[in-house]
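Please read the structure below before turning to the comments.
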Amino acid sequence: MFITEEYAPSMIVILRTDSDNPDFIELVKLLDADLANRDGEEHSFYAPFNTLTKIKYTVVAYENEKPVGCGALKEFGVNTLEIKRMYVSPGSRKSGMATKILSELENWAAELSCTRCILETGKRQPEAIQLYKKSGYRSIPNYGQYAGVDNSLCFEKEIRIT
C-alpha cells in the first residue's frame, strides 16, 4: 500500500502595519541579533539609526500564519522613502520571501507618491546586496549618517507612481 500526501502550497500574507506590531518587533529583535553577529564591534554604530520609534509604514510577512519576515519605509526627504529593517527568518530564506517584502514596500511607496527609495546595507550582507541589485537598485554614494562609513553600501531605485 502506498500512501501519498497532498501537496499543500504555503499561504503567504503580507500585512501592512506600523512599528507597534508585536510580530514586527520580534522579527526586528532577530534581525538585530543577526546584524550584531555579522557586524561585530561596528554594530553599536548602527543602533541609533535603527530605532523603531513610530515608523508608520512597516510590513510583516506571514507564511502559514507564522511571521517570517519584515521591512519598513521611513520618511527621508521630498518624495523619498528609506527602506529599513529588512529581514527574513533563516527557514524562509531562498524562497523569494525577501523579494515579496521588498515589492510590497515599493508598491506602498508608490501609493504614497514616493518617486525614489533609498537604502543602506552592510558589506557583510551579500544576500541583501544581491537582492537589491536583482531588484533594480543602483549603487549611490553613501548618504547622511553613512557617508564615509567603510562597511556601508547605499542604493536607490526610482519608483513609478501608481
Side-chain angles (χ1 to χ4, degrees), residues 14 16-21 23-61 67-90 92-161:
I14 299 182
R16 291 182 180 184
T17 184
D18 63 31
S19 60
D20 292 333
N21 179 290
D23 291 331
F24 178 77
I25 292 168
E26 288 304 310
L27 287 163
V28 168
K29 287 179 184 175
L30 296 172
L31 167 63
D32 286 338
D34 181 59
L35 292 176
N37 185 47
R38 290 178 192 240
D39 293 336
E41 292 178 13
E42 294 178 14
H43 183 69
S44 61
F45 167 80
Y46 294 97
F49 311 125
N50 292 323
T51 63
L52 297 182
T53 308
K54 279 296 172 202
I55 300 175
K56 293 190 283 188
Y57 313 110
T58 70
V59 298
V60 176
V68 297
C70 63
L73 294 168
K74 192 171 181 182
E75 294 167 343
F76 187 82
V78 178
N79 298 324
T80 301
L81 292 171
E82 183 178 23
I83 294 176
K84 305 285 290 177
R85 314 306 1 224
M86 285 284 298
Y87 178 76
V88 174
S89 60
S92 294
R93 293 181 185 162
K94 299 185 190 264
S95 69
M97 187 64 70
T99 300
K100 289 178 175 86
I101 293 168
L102 184 58
S103 180
E104 182 65 21
L105 290 171
E106 291 171 354
N107 290 337
W108 201 357
E111 291 169 23
L112 294 168
S113 299
C114 170
T115 57
R116 179 175 158 235
C117 284
I118 60 172
L119 61 89
E120 179 275 341
T121 193
K123 289 181 179 176
R124 296 181 191 103
Q125 298 172 52
E127 310 92 337
I129 295 165
Q130 181 180 352
L131 167 69
Y132 299 132
K133 287 181 176 182
K134 168 184 91 167
S135 300
Y137 284 78
R138 67 176 189 88
S139 182
I140 59 172
N142 288 5
Y143 59 84
Q145 64 267 24
Y146 307 112
V149 178
D150 187 52
N151 184 44
S152 290
L153 296 172
C154 294
F155 294 88
E156 74 174 354
K157 181 177 181 179
E158 298 301 317
I159 303 296
R160 295 188 198 274
I161 297 175

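Note that this is a predicted model, so its numbers are computed, not measured.
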- Do Leu35 and Gln125 have side chains that get closer than 4.5 Å, going by heavy atoms? yes

- Message: If I compare all heavy atoms of Phe24 with all of Cys70, which pair ends up nearest, and what's the gap?
- Response: CD1-CB, 3.7 Å

- To the nearest 0.5 Å, atom CD of Glu158 lies from atom CZ of Arg138 at 7.0 Å

- Query: What is the distance from atom CD1 of Ile129 to atom NZ of Lys123, rounded to the nearest 0.5 Å?
  - Reply: 9.0 Å

- Message: Please check this pair: side chain of Ser135 against backbone of Lys133, looking for a donor-acceptor N/O pair closer than 3.5 Å.
- Response: no

- Pairs meeting criterion ring-ring contact (aromatic ring centres under 6.0 Å, His included) with involvement of residues 95-129, two or more places apart: Tyr57-Trp108

- Message: Side chains of Leu119 and Lys84, heavy atoms from C-beta outward: is any pair under 4.5 Å?
- Response: no

- Query: Looking at side-chain heavy atoms only, is the closest gap between Met86 and Leu131 below 4.5 Å?
  - Reply: yes

- If you round to the nearest 0.5 Å, how far is CG of Asp23 from CG of Leu27? 6.5 Å

- Query: Under 6.0 Å from the CD atom of Gln130, do we count more than 12 heavy atoms belonging to anything else shown?
  - Reply: no

- Is there a donor-acceptor pair under 3.5 Å between the side chain of Ser95 and the backbone N or O of Ser92? yes

- Item | Shortest non-hydrogen separation from Ala61 to Met97 and the atoms involved | CB-SD, 3.7 Å

- Is there side-chain contact between Tyr143 and Glu156, with at least one heavy-atom pair below 4.5 Å? no

- How close do Arg116 and Cys114 get, heavy atom to heavy atom, and via which atoms? O-SG, 2.9 Å

- Rounded to the nearest 0.5 Å, what separation is found between the CZ atom of Arg85 and the OH atom of Tyr87? 11.5 Å

- Note on the structure: Looking only at heavy atoms, the pair that brings Leu73 and Leu105 closest together is CD1-O, 3.4 Å

- Message: Return the CG to CD1 distance between Leu30 and Ile25, rounded to the nearest 0.5 Å.
- Response: 12.5 Å

- Task: Measure across Thr58 and Ser19 and return the closest heavy-atom pair with its distance rounded to 0.1 Å.
- Result: CG2-N, 3.7 Å

- Message: I'd like to know whether Val59 forms a side chain to side chain contact (heavy atoms under 4.5 Å, CB included) with Lys100, so could you lay out the CA-CA distance, the side-chain angles of the two residues, the decisive distance to 0.1 Å, and finally the verdict.
- Response: CA-CA 11 Å; Val59 298; Lys100 289 178 175 86; over 6 Å; no

- Which heavy-atom pair separates Cys154 from Pro141 by the least distance, and what is that distance? CB-O, 4.0 Å

- Item | Any side-chain heavy-atom pair of Thr121 and Tyr137 under 4.5 Å | no

- Message: Tell me whether Arg93 contacts the main-chain N or O of Val88 through its side chain, where contact means a donor paired with an acceptor under 3.5 Å.
- Response: yes

- Measure the CD1-CD distance between Ile159 and Glu111 for me, rounded to the nearest 0.5 Å. 12.0 Å

- Hey, are the side chains of Val60 and Glu26 touching, using non-hydrogen atoms and a 4.5 Å cut-off? no

